Amino acid sequence: MTGILCAMREELDPILEYMNIKEKIKHANNIFYIAEFEGEDIVLAYSKIGKVNASITATIMIEKFGVDKLLFSGVAGGVDEDLKIGDLIIATKTCQHDVDLTVFGYEPGYIPESKVFFECDEDLNNIAQNVAGKLGIKLKDGVIASGDQFVHSKERKEWIKKIFNASAIEMEGGAVGCVCWNEGVPFFMLRAISDTAEEGAGVDFDEFLEESSKISAKFLIEMLKEL
Ligand SMILES: Nc1ncnc2c(CN3C[C@H](CSc4cnccn4)[C@@H](O)C3)c[nH]c12
């Protein structure tokens, strides 16, 4: 079964509008929606903000609901110069920019017995690029870096870009990528840009969250039709 995960209610709501919701299951302070879409059952949820919350919900989706591919939809701060608000990006891999065990000689983002980067599923990414081609949409791909902080400083943004070669920044994908890697479940992450993660990003985020969430949701629905 396909799982669709978002961080915020605002990111999930536009997706639910396309779904025939059959059941709502409350578990571990989450609501899991069991929905039917084009003859297939799908489980959907929003985790709440941050890597810990996203890890909990992603793990429950896999362990309790038997999700065998996990698709994330939401918004992100743009890092690449060519990413404008409203543009779409998919992750080639994700990481945790706020993990720092460098005092022990490890590289930024590295945890022993784990890894810095969690690769996203190439087949799902290729499907997304095919859908984008049919729709005539530019779909960037690149590293998307996560940390438990809303980034609103050019200095922090440029550090994340330099160290992780990040194209976008958010707060959940590195954790969901880690869960999916450990569970052996294909992971796909789509984000629409809501801000540029520099000074003033909070104002842009508030202004563009709803619209960018809809952009990501609309594309995800087109992608679901090809799965
Ligand atoms: N610049 C940025 N840095 C880090 N993450 C992001 C994101 C992606 N999401 C949105 C949301 C911001 S925190 C939040 C949002 N609203 C209320 C409270 N917290 C969190 O789930 C991460 C978009 N722009 C980002």
Side-chain angles (χ1 to χ4, degrees), residues 3-16 29-31 44-58 61 70-91 93-100 108-109 118 120 140-179 187-217 219-220:
I4 294 178
L5 177 59
C6 303
M8 300 179 74
R9 182 191 299 272
E10 291 88 341
E11 294 168 325
L12 182 64
D13 283 350
I15 299 171
L16 292 177
N29 201 22
N30 279 153
I31 299 174
L44 307 97
Y46 74 90
S47 61
K48 300 182 290 302
I49 289 161
K51 291 191 278 140
V52 172
N53 287 319
S55 299
I56 292 167
T57 311
M61 277 192 164
L70 202 155
L71 284 58
F72 191 104
S73 174
V75 299
V79 175
D80 270 6
E81 300 296 322
D82 62 354
L83 279 175
K84 299 185 310 309
I85 289 174
D87 284 351
L88 286 166
I89 181 171
I90 56 175
K93 54 189 180 181
T94 63
C95 60
Q96 300 180 77
H97 65 73
D98 58 351
V99 165
D100 180 350
F118 303 99
C120 292
K140 183 161 181 63
D141 67 1
V143 174
I144 299 184
S146 310
D148 282 314
Q149 55 198 237
F150 183 85
V151 175
H152 58 106
S153 122
K154 187 167 179 60
E155 182 187 10
R156 179 69 184 167
K157 167 183 168 176
E158 291 304 321
W159 183 83
I160 295 167
K161 182 176 184 177
K162 178 173 162 239
I163 301 297
F164 297 97
N165 187 32
S167 294
I169 293 170
E170 33 85 323
M171 297 176 68
E172 296 86 20
V176 181
C178 184
V179 168
F187 173 46
F188 170 83
M189 183 159 73
L190 172 71
R191 296 269 185 171
I193 302 304
S194 53
D195 58 274
T196 58
E198 296 183 7
E199 286 69 13
V203 174
D204 280 345
F205 177 83
D206 285 340
E207 183 178 348
F208 295 104
L209 167 62
E210 186 177 350
E211 186 51 39
S212 292
S213 293
K214 284 177 185 170
I215 291 169
S216 185
F219 187 90
L220 188 80

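Read the numbers this way: they start at 1 and go in the same order the structure lists the ligands and their atoms. Please read all numbers here as calculations on a predicted model, not as lab measurements.
Closest protein heavy atom to atom 5 (N) of ligand 1: Glu170 CA, 3.3 Å. Closest to atom 13 (S) of ligand 1 among all protein heavy atoms lies Met171 SD, 3.7 Å. For atom 15 (C) of ligand 1, the closest heavy atom belonging to the protein is Phe205 CE2, 3.4 Å. In terms of protein heavy-atom proximity, atom 19 (N) of ligand 1 is closest to Ile49 CD1, 3.3 Å.
Residues His152 and Asp195 form no side-chain contact, since every pair of their non-hydrogen atoms from C-beta on lies 4.5 Å or further apart. With a 4.5 Å cut-off on side-chain heavy atoms, Tyr46 and Arg9 count as touching. Contact annotation: the side chain of Met189 never approaches that of Leu70 to less than 4.5 Å [non-hydrogen atoms, C-beta and beyond]. Ile15 places a side-chain heavy atom less than 4.5 Å from the side chain of Ser73. In this structure, the side chains of Phe187 and Cys120 come closer than 4.5 Å at one or more pairs of heavy atoms.
Applying the 4.0 Å criterion to heavy atoms of Asp195 picks out, from ligand 1, the atoms 1 (N), 2 (C), 23 (C), 24 (N), 25 (C). For ligand 1, the atoms lying closer than 4.0 Å to a non-hydrogen atom of Gln149 are 4 (C). Set against the non-hydrogen atoms of Ala76, the atoms of ligand 1 under 4.0 Å away are 7 (C), 23 (C), 24 (N). Residue-ligand proximity, Glu172 to ligand 1, at heavy-atom distances under 4.0 Å covers atoms 20 (C), 21 (O), 22 (C). Near Ala7, meaning under 4.0 Å from any of its heavy atoms, are these atoms of ligand 1: 21 (O). For ligand 1, the atoms lying closer than 4.0 Å to a non-hydrogen atom of Val75 are 7 (C), 8 (C). Each of the following atoms of ligand 1 lies closer than 4.0 Å to a heavy atom of Ser194: 23 (C), 24 (N). Close approach to Gly77 involves these atoms of ligand 1, each under 4.0 Å from a residue heavy atom: 23 (C), 24 (N), 25 (C).
The shortest N/O to N/O separation between Phe150 and ligand 1 does not fall below 3.5 Å. Taking only nitrogen or oxygen atoms, main chain and side chain alike, Ala197 does not reach within less than 3.5 Å of ligand 1.
Contacts between His152 and ligand 1 below 4.0 angstrom, taking non-hydrogen atoms only, are absent altogether.
Within the 4.0 Å heavy-atom cutoff, Met8 counts among the residues contacting ligand 1. At least one heavy atom of Arg191 sits less than 4.0 Å from an atom of ligand 1.
Partner Ser146 forms a side-chain hydrogen bond (donor to acceptor under 3.5 Å, both in side chains) with one of Gln96, Glu172, Glu170 and no other, that one being Glu170.
In this structure, Phe150 has its ring center closer than 6.0 angstrom to the ring center of Phe205.
Across the listed options Ile144, Thr196, Val151, Val151 owns the non-hydrogen atom lying nearest to atom 1 (N) of ligand 1.
Across all non-hydrogen atoms, the minimal contact from Ala45 to Leu12 is C-CD2, 3.7 Å. The shortest heavy-atom contact between Gln149 and Met171 is N-CE, 3.4 Å.
Judged by distance alone, the side chain of Asp204 and the main-chain N or O of Ala201 form no donor-acceptor pair under 3.5 Å. Under a 3.5 Å cut-off, the side chain of Glu11 and the backbone N or O of Val75 do form a donor-acceptor pair.
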